Every structure is written in structure tokens, then in C-alpha cells.
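Order of the sequence lines fixes the chain letters, A, B, ..., with proteins taken first and strands second; residue numbering starts at 1 for each chain. In this text, all values refer to a predicted model and were calculated from it rather than measured experimentally.
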Amino acid sequence: MKKGDHLFLVDGSGYIFRAYHALPPLTRKSDGLPTSAVLGFCNMVWKLTQDARNTDVGIVPTHFAVIFDYSSKTFRNDLYPEYKANRSAPPEDLIPQFGLIRQATRAFNLPCIETEGYEADDLIATYCRLACEASADTTIISSDKDLMQLVGPSVAMYDPMKDRQIGVPEVIEKWGVPPEKMIDLQALTGDSVDNVPGVPGIGPKTAAQLLEQFGDLDTLLARATEIKQDKRRESIIANADKARISRDLVTLKNDVPVNGGLDDFVLHPPDGPRLIGFLKTMEFSSLTRRVAEATGTEAADVKPVPVIIERADTAHGPDMGFGVPAAAESAAGTVTDEAGEAVPATVKVEPKQGDTPSLLSALRYEDATASKIDTSAYVSIRDTEVLKAWVAVAMEAGIVAFDTETNSADPMQAELIGLSIATAPGRAAYVPLAHKSGNGDLLGGGVVENQIPIREALATLKPLLEDRSVLKIVQELKYDLVVMSRHGIDIAPFDDTMLISYVLEAGTSGGHSMAALSEKWLGHSTIALKELAGSGRSFVGFDQVDIDKATAYAAEHADVTLRLWRVLKPRLAAKGLVSVYERLERPLVPVLARMEQRGISVDRQILSRLSGELAQGAARLEDEIYQLVGERINIGSPKQLGDILFGRMGLPGGSKTKTGQWSTSAQLLEDLAAEGHELPRKIVDWRQLTKLKSTYTDALPGFVHPDTKRVHTSYALAATTTGRLSSSDPNLQNIPVRTIEGRKIRTAFIADKGNKLVSADYSQIELRVLAHVAEIPQLKQAFADGADIHAITASEMFNVPVEGMPSEVRRRAKAINFGIIYGISAFGLANQLSIPREEAGAYIKKYFERFPGIRDYIDATKAYAREYGYVETIFGRRIHYPEIRSSNPSVRAFNERASINARLQGTAADIIRRAMIRMDEALEKAKLSGRMLLQVHDELVFETAEAEVEATIPVVRHVMENAAMPAVSMSVPLHVDARAANNWEEAH
DNA sequence: ACAGAAGCTTA
DNA sequence: GTAAGCTTCTGTT
């Protein structure tokens with residue numbers, strides 16, 4: 001070894017303990033062998049020997065050795081029998097890792113050094129001296145203070161966990177003394193971990209001050225009487241012997257007899273196949289991949305090598321058996337991402353051949369609920385290197401639960417406050433990013449210290465979140481997808497526990513929120529946000545929440561999400577619902593996330609003009625109403641209105657609501673108006689104008705995003721029982737269309753300059769589904785012919801020709817057709833048509849005579865729902881009706897109607913979902929710029945370049961009309977009407 | 001400040 | 001008769 005050479009000495013034993021406590025646990029997939037310390041070690045060594053420029057050391061070593069303790073008994077025990085006597089046995093899952101790390105060292109083709117009777121620190125001191133004598137530099141890979149006495153001009157330390165170099169200035173900064181005085185300092189302070197006594201009452205601050213004053217330990221002890229503080233003086237005088245003994249214990253021996261010299265430590269390039277053989281055995285797949293790339297080895301050609309695993313009872317004993325690498329993941333423990341690529345999943349309860357999906361479900365359930373959720377056990381990650389270690393473990397595990405914490409429920413506006421991840425049940429961490437110290441300070445408080453900068457944290461997490469071989473598990477994924485997408489991260493592949501629950505349990509009580517699922521499946525109540533951030537007026541942003549509390553809350557989310565996934569995912573297979581989840585639910589999430597992010601342009605000028613007109617109209621009506629009533633009542637109060645109309649004015653035909661109030665429904669007021677009463681007419685008109693104003697023209701401008709200048713609705717995937725989406729904030733699925741006044745609001749929804757809006761909607765999709773599932777020949781024929789379905793129905797029922805049919809006849813048939821979809825009742829039909837119930841009953845009877853298949857369909861659906869407690873769409877989506885067997889006849893009848901409707905509404909919802917999932921790719925393949933913006937149950941709204949309108953419409957129509965294929969070949973054609981215009985009113 | 005009822009908008 | 005969401009009023013907390 002010569003000048004200019006650089007020796008790296010890794011404190012292997014120290015690293016093991018530090019890694020074990022700092023890193024999240026990881027077990028080998030095939031047999032549960034604990035490996036997190038081994039993985040951390042391998043990652044570190046690989047980085048130090050290959051990517052030195054990526055570390056703070058910044059140097060590629062020429063010589064490299066890993067040093068270990070030989071055993072716990074050393075020469076220091078002869079000096080002081082109590083030395084390290086208070087050390088308890090290492091944790092059980094650490095024991096096998098001691099041997100594995102030595103084997104890892106050899107696999108890296110690195111010297112593995114240990115000598116009986118000496119600690120690793122003594123060997124390090126000895127090699128440091130030898131390197132120094134050869135004028136070479138040394139870096140000690142450790143952060144142990146016991147080694148800091150060695151730091152000097154040619155010797156530095158490097159903390160691999162914090163990616164930090166420790167030189168003379170760092171030692172002084174930390175301990176207040178230069179490295180050469182570290183021995184004296186430790187002699188005074190002692191070390192409770194190693195049971196080095198020191199002087200009681202003297203800590204590092206006092207020790208540094210005394211050494212500053214007296215120079216060194218011997219001088220201090222000789223002149224101890226000069227110390228002013230009584231207690232301190234007496235303690236030092238009384239414990240001088242302990243101080244001397246401590247000095248002997250902490251002084252490293254730099255003349256340990258060693259075999260061979262530093263030249264044995266010359267760093268050789270790794271032996272690719274040998275190293276890969278070891279890494280494969282450990283099942284470190286991502287490191288295997290990196291090593292294979294760097295060494296140009298074909299990893300697939302390398303066989304895993306047997307490794308020796310030591311058990312707890314024979315920590316230093318001989319070979320106790322070979323770790324057998326897993327040949328392949330068993331089917332039940334493997335999840336598949338969209339590309340059909342198998343993604344390995346960590347399986348603690350190992351499924352065996354012959355296990356049924358149901359058995360696996362049961363095992364997983366026991367497993368997930370076996371360990372209690374302890375919110376105090378979570379970790380706050382405040383340091384990039386620690387985050388990297390978690391990322392490495394998640395990479396190897398192939399699975400990670402993830403959650404974001406923000407300051408807003410709106411993902412388009414939310415700022416990221418923190419992130420949480422979980423790698424195994426109970427092992428979760430929170431990464432605070434933007435917490436502020438808000439202790440009531442009028443100045444607003446500053447940013448809390450020791451938070452990883454957002455850019456750095458995201459750069460560290462991006463490779464994990466986008467890695468094709470790591471499954472990300474998220475509750476209500478779409479929110480996080482939008483938030484992370486705004487930070488340039490596209491999470492994939494993924495599972496969404498909310499959607500899994502929705503597929504399994506739609507229609508059962510409780511909903512699919514994390515709180516509900518945790519309660520239901522884990523028997524655990526999650527921390528409520530309002531416990532941390534308050535509610536209402538006292539609500540504070542998540543950035544104001546104390547980090548410890550935020551950690552418990554946020555990491556719990558990741559932990560609960562992971563546990564829920566372990567419970568729920570296997571149930572999909574057990575119940576035959578995997579394809580519903582994988583084809584109808586999961587792929588829709590990124591589609592909707594993109595639609596929400598695009599938003600739609602709204603012309604605020606049009607809305608404000610409409611608001612003015614509506615206000616004028618309403619004001620005029622208000623004056624007229626006050627005139628008629630004789631006083632200024634609150635027209636918006638149904639209570640006051642009812643009292644005036646039916647009490648004071650004594651109008652006829654009043655009825656009561658279920659709370660005993662007079663009903664003032666539009667239907668009832670319309671009837672009164674038809675009898676010539678002036679006031680009810682004006683009230684109905686007033687209500688329409690104020691409704692349009694408050695709900696639409698006044699409210700919509702408030703939803704225009706400050707940056708994008710567009711309106712971004714939020715679609716809920718798991719809010720309805722039938723599989724429909726819902727829209728909120730704002731709801732763009734109930735924009736008026738029926739009245740001329742209402743339609744004007746749609747003119748405010750516009751295409752950007754140079755673009756057009758294209759609206760494409762399914763014609764009579766639910767009736768077509770009915771014709772298909774109930775197999776009604778006349779209806780099928782009518783749809784095949786493109787005929788007027790309601791006219792055909794009327795013609796069949798009333799024996800009148802379609803030609804010249806009175807509109808009232810067609811209207812009644814139309815009402816019956818819709819009635820069927822809604823699970824018809826004579827009561828409902830009578831209400832709808834304002835006819836006696838007997839007459840409505842007669843119509844229904846007639847209808848069933850003409851279309852007996854519909855009665856069969858209704859009876860079969862009721863019977864099925866009663867037997868199974870659920871019904872299914874033609875694509876297998878399951879909708880539960882737990883109350884279908886209720887003894888209450890009206891409850892039972894309601895559930896029967898709902899289940900009849902659910903098959904039709906749900907099937908239609910499935911069809912448009914399938915179209916949406918395929919749409920983006922179809923447009924891209926056709927090289928069209930068209931983008932899907934809105935979904936309104938049977939309608940899709942697009943924005944597309946004006947020049948591409950003609951090319952876009954056929955693509956859109958083709959995707960929508962063929963959406964049921966190839967899963968289901970419908971016996972009725974689907975028909976789509978599509979138009980383009982500058983605004984939604986004209987396009988629709 | 002919140003919850004429920006009434007009423008109205010959509011498919 | 002099915003499925004949703006939003007606003008206003010009203011009474012309670």
C-alpha cells in the first residue's frame with residue numbers, strides 16, 4: 001500500500017446492530033428468513049464499491065475490508081469483568097443475519113476480518129495505523145463514537161445511514177473536543193451501553209469543559225482539588241480509579257497481531273455470477289438486477305447458492321441447514337398488474353398447494369388481525385438516508401402501502417404536507433415534508449426543522465412509486481394519483497382497497513371509507529382527523545398538526561391500508577370477483593384522474609349575465625307574490641308557504657309530508673296552478689329561477705381553478721350501489737337540460753379556442769339492456785330496426801298503429817317502460833301519470849301479457865336476490881340487498897324494486913365504464929387529440945381540435961357501441977348519438 | 001356548527 | 001317506481 005491509496009474499513013458488527021434497529025423489517029418471501037440488515041449491508045457495500053461518487057465520501061477505495069467482532073469475550077473482560085456485562089442477547093431475528101452478512105462479504109469478494117479476543121474496533125485501529133504508516137488515507141465506515149479517537153488528518157469516518165462524513169471538525173462540533181481527546185472524554189463520561197463506568201455525574205458537556213480547562217485526564221485527576229463545584233470535585237476525586245479503568249477500556253488497541261498486510265485488501269471487481277448467486281438466494285431482486293446490469297451478467301443464468309443459516313440456539317455453531325430459494329411464487333400469493341406481469345407479494349401465511357382461495361382468505365384474515373395496531377410504534381422519517389433504506393426494503397418486498405397527507409380535500413388544490421408508507425403490518429412510517437410550527441404566533445410560525453425537502457423526498461420515492469415490480473397499495477387511490485401526478489409522479493402498478501371493498505361489498509351497510517373498513521375488518525378505530533386538526537371554525541390545516549400526532553395518524557393509514565389489502569384481496573378470488581375488479585374498477589382510476597385534471601372551460605361572463613337575469617326575474621316574482629300574499633314572507637320556506645297557502649288562504653287539495661308539514665311540492669303546486677290559482681304558478685316559477693341561480697350560475701364560478709381557469713369536478717367510484725359514478729364539487733352530472741331557462745346554463749360550458757366539445761350519448765341504453773337480459777323478441781326487433789321503442793310498446797299494448805299515434809298514448813307507454821326499469825309498482829305509475837291506481841295496475845297487467853318475458857325477468861330477479869342476497873350485472877358486478885328478506889313488506893318491496901333496477905342500471909354503468917377504459921388508447925392509436933372530459937351516466941363529453949371532429953366522432957362511437965364486447969355479445973345493438981359544437985348545450 | 005327535511009336538478 | 005348531489009330552511013347542540 002502506498003501514498004494516494006485509500007482504505008475503506010467497514011465496521012461490520014456495528015453496522016449490523018444499527019441497521020437492525022434503523023431499518024424496517026424485511027423477510028425472505030419464500031421462508032420468512034429475516035434479511036433487512038443483510039439487505040442494508042449489501043446495498044451499502046455495493047454503493048461504496050461502485051457508486052462512490054453518489055456518496056458523501058466521493059472517493060472510490062483502492063483497498064477495502066469488512067471487520068467483525070469475533071465473540072463477546074475480549075481482553076477487556078480481563079481488565080474489567082463487568083465490561084459489556086449488561087448486554088442482553090441479540091434479538092432472535094437478528095441472529096441468523098450475523099452469519100449471512102459474513103457470507104455476503106465473501107460473496108462481494110471482500111476480506112472478512114475477525115480475530116479472537118479483540119473487538120472489531122481494535123482491528124480497525126490497527127489497520128488504520130498500518131495505513132497511516134504507509135502514508136495512505138483511511139475511511140472508517142461507521143458512526144460509532146468509540147472510533148472517533150482514530151480520526152485525524154489521514155483518517156475520516158463515514159456514516160452510511162446519514163450519508164455524512166465525519167472528520168476533525170465534525171468530532172469537535174459533536175463532542176466539544178478534538179479526536180485525540182475523545183479517549184479522555186469517554187473515560188469521564190463512561191458508556192452505559194458498554195457498561196464503562198466513567199465518573200458519575202459527568203456528562204459530555206462537563207467532560208469537554210473540564211478537558212478544555214485542564215488539558216487532559218491525568219492533569220485533571222492530579223489537580224481535581226481545584227474544581228470549584230463541590231459535587232463535581234468530590235465525584236471526580238472519589239472516582240479517579242474508575243476514570244482510569246474506563247480510559248483503558250475505551251482506548252483502542254492498535255497493535256493487534258494480524259495475519260498478512262494491507263495488500264490483501266486490494267479491491268477487486270466483483271465476481272458477478274458469485275455475487276448474484278448469493279443475492280438471488282436472499283431474494284433481493286432489485287439489487288440483483290442492478291448488479292447484473294453493472295457486471296454484465298445474465299442474472300437468469302445464475303443459480304441461487306445455498307447459504308448457511310444459524311439459529312438462535314447455535315449462534316456460532318455449525319451449519320444448521322440450507323436456505324432453499326423459492327422456485328416460483330404460488331398462484332394465490334401472486335398479484336398481477338395491468339400488463340399481466342406477475343408481481344410478487346409478501347405472504348406471511350404461506351399458501352400451500354391445495355389451499356383454496358377461501359382458505360387463504362381465512363388465513364389472511366387471522367394474520368391481519370393477529371397483531372394489534374399500535375400507533376405509537378410508527379416512525380417519523382426526517383432524513384433522506386433513512387427514507388432510502390425504507391425505499392430499499394419496499395423495493396425488495398415488492399409491495400408497499402402508501403398515503404398522502406395534504407391541506408385540502410380537493411386534490412387539484414392540495415399541497416403535500418407529508419407521506420406515509422408501510423412495508424409490513426405494524427411497520428409504517430411518516431415522512432413530514434411541510435409541517436409548520438404554528439404555536440399561535442401572529443407571524444404564522446416557521447417551517448418545522450428536520451423535514452426532508454419535498455423535491456428530495458419525491459426524488460427518492462419516485463423510483464419506488466413508478467417501479468413496475470412494486471405493487472403500491474392505496475386507499476382511495478384517485479386522490480393520491482392526482483396529487484402525485486401534479487408532482488410528476490405516476491404511481492403504478494397499484495391496488496385500491498376502497499375499490500376492492502366496493503367490488504366485494506357494494507350495497508352492504510357501512511360504506512368503503514378507511515374508517516369503516518378498519519372498523520369492519522380489523523376491529524380497529526382509526527384516529528379521526530378532527531382529533532388532530534379540529535373541525536369547523538377551529539379547523540387547522542394538516543401542516544399545523546404536531547409531527548408526532550401526524551405520524552400516528554398518517555402511518556396508521558398506511559398500516560391499515562396494507563392490512564386491509566391482505567384481508568380483502570384474497571377474497572376477490574374466493575368470490576370470483578377478480579375480473580370485475582381488474583377490468584371494471586382498477587383501470588378506471590387513472591382514466592378518471594386524467595379527466596378530473598383536465599377539467600372543462602366555463603365562461604364566467606355567460607354565467608354572470610344569467611345570474612343577473614335570474615335575479616331580475618326572481619325579484620319581479622317576489623314582488624308579485626308579496627302582493628298576492630299581502631306580506632313579505634320567506635318564499636324559500638316551505639313551512640311558511642304551506643301555512644299561507646293551505647292555512648290562511650285555504651286552498652284545496654293540501655296534503656301533509658311525513659313530518660306533518662303541509663306539502664308544497666312542485667307537482668302539487670302545478671295541479672293548483674292548472675285549476676287557475678295564480679300564486680302557486682308564481683311560486684313554482686320563482687323556485688325554478690332561484691334554484692338555477694343558487695345551484696348553478698352563482699356557484700359554478702367559485703369552482704374555477706385559479707391556475708387552470710377550468711372547472712375540475714370530482715368523480716366518486718365507490719359512492720353508488722349500482723356501479724354508477726357520482727360527481728361532486730361541483731356535480732356536473734345534474735346540469736339542467738329539460739327547460740329552456742335551464743339549458744342556457746349549458747351554453748357556459750365551452751371548448752377552448754380552436755376546439756369543439758363533442759357529446760356522445762347512448763340511446764335508451766337501459767331499455768336495450770332490458771331487452772337483452774329479459775330476452776324480449778318484440779323489443780329486440782324494435783331496437784334492431786332502429787324503431788321508436790315507446791311507440792312500439794304502445795302499439796303492442798293498445799293495439800294502435802304507430803302511424804298517427806296520439807302523443808298521450810306514447811307518453812303512457814314511455815312511462816311504463818321507465819317504470820319497468822325502476823321496478824314498477826301500480827302506485828308509482830299512477831303517480832307518474834296522474835291516473836287512478838286501478839288504471840295503472842291494469843296497464844301493468846296488460847304490459848305483462850304482451851311481454852311475458854319481462855314478468856319472468858322480474859320474478860327471477862326477485863327470487864335470485866332473495867336466495868343470494870345480491871344480484872349481478874351481465875359483467876358479474878355484484879350488488880347486495882341485505883334487507884331483501886325483511887319481514888316489513890314495504891322494506892322488502894323497496895329492495896325488490898331496487899334489485900330489479902340494479903341489474904339494468906348497473907349493466908349500463910359497466911358498459912360505459914368499459915368504453916371509458918378503452919377510450920384514451922383508441923384516440924391515441926388514431927392519433928387524435930380528443931380528450932374525455934365528462935361522464936354523465938350514459939353520455940361522454942370530449943374536447944377535441946376543431947379539425948379533428950369528423951375523425952373523432954367515429955372512433956368515439958365505435959368504442960362506445962362495442963364496449964360490451966368481447967366479454968358479452970349483446971343481442972341488441974347499442975346506438976350512440978354524437979354531435980360537436982362550441983358549447984355543451986348545442987353539442988348535446 | 002351540524003343534521004335532517006324538503007325541494008329540485010340529472011340519468 | 002331506480003340511482004345520485006346541492007341548497008335552503010329549521011331545529012338542535
Side-chain angles (χ1 to χ4, degrees), chain A residues 506-507 530 534-539 633-642 656-669 683-684 686-696 698-700 702-703 713-716 719-739 741-743 745-746 761-767 770 815-833 837 840 844 858 871 879 881 890 893-906 908-909 912 934-939 988:
Chain A
K530 64 178 176 192
S535 64
R537 191 183 284 275
S538 63
F539 182 81
I633 58 160
N634 183 350
I635 309 168
S637 164
K639 188 170 177 286
Q640 291 184 33
L641 223 43
K656 300 283 183 78
T657 67
K658 66 181 169 199
T659 54
Q661 293 292 322
W662 288 109
S663 169
T664 65
S665 70
Q667 178 64 62
L668 202 147
L669 297 183
I683 293 169
V684 169
W686 179 87
R687 278 188 182 162
Q688 190 199 10
L689 299 186
T690 53
K691 173 76 178 177
L692 294 175
K693 184 169 184 291
S694 66
T695 308
Y696 303 104
D698 286 354
L700 281 171
F703 286 100
T713 184
S714 172
Y715 289 105
T720 72
T721 49
T722 55
R724 273 192 178 179
L725 304 178
S726 76
S727 158
S728 64
D729 309 295
N731 181 354
L732 296 185
Q733 290 180 324
N734 70 348
I735 301 301
V737 71
R738 287 196 230 267
T739 64
E741 295 90 332
R743 269 183 170 267
I745 291 164
R746 293 198 170 216
D761 67 294
Y762 284 107
S763 153
Q764 307 286 7
I765 188 168
E766 288 177 6
L767 273 180
L770 174 69
I816 295 173
N817 277 335
F818 275 99
I820 299 294
I821 292 169
Y822 297 153
I824 199 153
S825 76
F827 182 85
L829 184 64
N831 252 341
Q832 176 68 32
L833 291 175
R837 214 162 69 214
I844 295 170
I858 289 171
V871 293
I879 300 136
Y881 291 95
S890 68
F894 175 80
N895 278 273
E896 286 170 355
R897 290 194 298 273
S899 60
I900 290 160
N901 172 254
R903 286 183 71 187
L904 307 172
Q905 189 184 110
I912 197 165
L934 304 178
Q935 190 250 39
V936 192
H937 308 305
D938 64 359
E939 174 190 10
H988 184 74

Can you tell which of [options] lies closest to the side chain of [X]?
| X | options | answer |
| --- | --- | --- |
| A:Asn734 | B:dT10, B:dA11, B:dC8 | B:dT10 |
| A:Asn731 | C:dA3, C:dC6, B:dT9 | C:dC6 |
| A:Gln640 | B:dA11, C:dT10, C:dA3 | C:dT10 |
| A:Ser535 | B:dC2, C:dG11, B:dT9 | B:dC2 |
| A:Lys658 | B:dA6, B:dG7, C:dC6 | B:dA6 |
| A:Thr721 | B:dA11, B:dC8, C:dA4 | C:dA4 |
| A:Lys691 | C:dA3, C:dC6, B:dC2 | C:dC6 |
| A:Thr657 | C:dC6, C:dA4, B:dG7 | B:dG7 |
| A:Phe894 | C:dA3, C:dC6, B:dC8 | C:dA3 |
| A:Gln688 | B:dG7, B:dT9, B:dC2 | B:dT9 |

Find the distance [X]:[atom1] to [N]:[atom2] and express it as a whole number of Å.
| X | N | atom1 | atom2 | value |
| --- | --- | --- | --- | --- |
| A:Ile824 | C:dT2 | CD1 | C1' | 12 Å |
| A:Leu904 | C:dG1 | CG | P | 18 Å |
| A:Ile879 | C:dA4 | CD1 | P | 11 Å |

[N], OP1 or OP2 - any side-chain N/O from [X] closer than 4.0 Å?
| X | N | answer |
| --- | --- | --- |
| A:Thr722 | C:dA3 | no |
| A:Ser694 | B:dT9 | no |
| A:Thr659 | B:dA6 | yes |
| A:Thr664 | B:dG7 | yes |
| A:Thr720 | C:dA4 | no |
| A:Asn634 | C:dC9 | yes |
| A:Thr695 | B:dC8 | no |
| A:Arg724 | C:dA3 | no |

Q: Tell me what A:Ala840 touches on the nucleic acid: a base, only sugar-phosphate, or nothing, going by heavy atoms under 4.0 Å.
A: nothing

Q: Give A:Arg738 one of three labels, base, sugar-phosphate or nothing, depending on what nucleic acid heavy atoms sit under 4.0 Å from its own.
A: base

Do [X] and [Y] have side chains that approach each other closer than 4.5 Å (heavy atoms only, starting at C-beta)?
| X | Y | value |
| --- | --- | --- |
| A:Leu641 | A:Arg687 | yes |
| A:Tyr715 | A:Leu934 | yes |
| A:Gln764 | A:Asn817 | no |

Only pairs under 3.5 Å count here: list side-chain donor-acceptor contacts from residues 819-829 of chain A, not counting sequence neighbours, and write none if there are none.
{"residue": "A:Ser825", "atom": "OG", "partner": "A:Gly828", "partner atom": "N", "Å": "3.0"}

Q. Is the base of C:dT2 touched by the side chain of A:Gln905 through a donor-acceptor pair closer than 3.5 angstrom?
A. yes

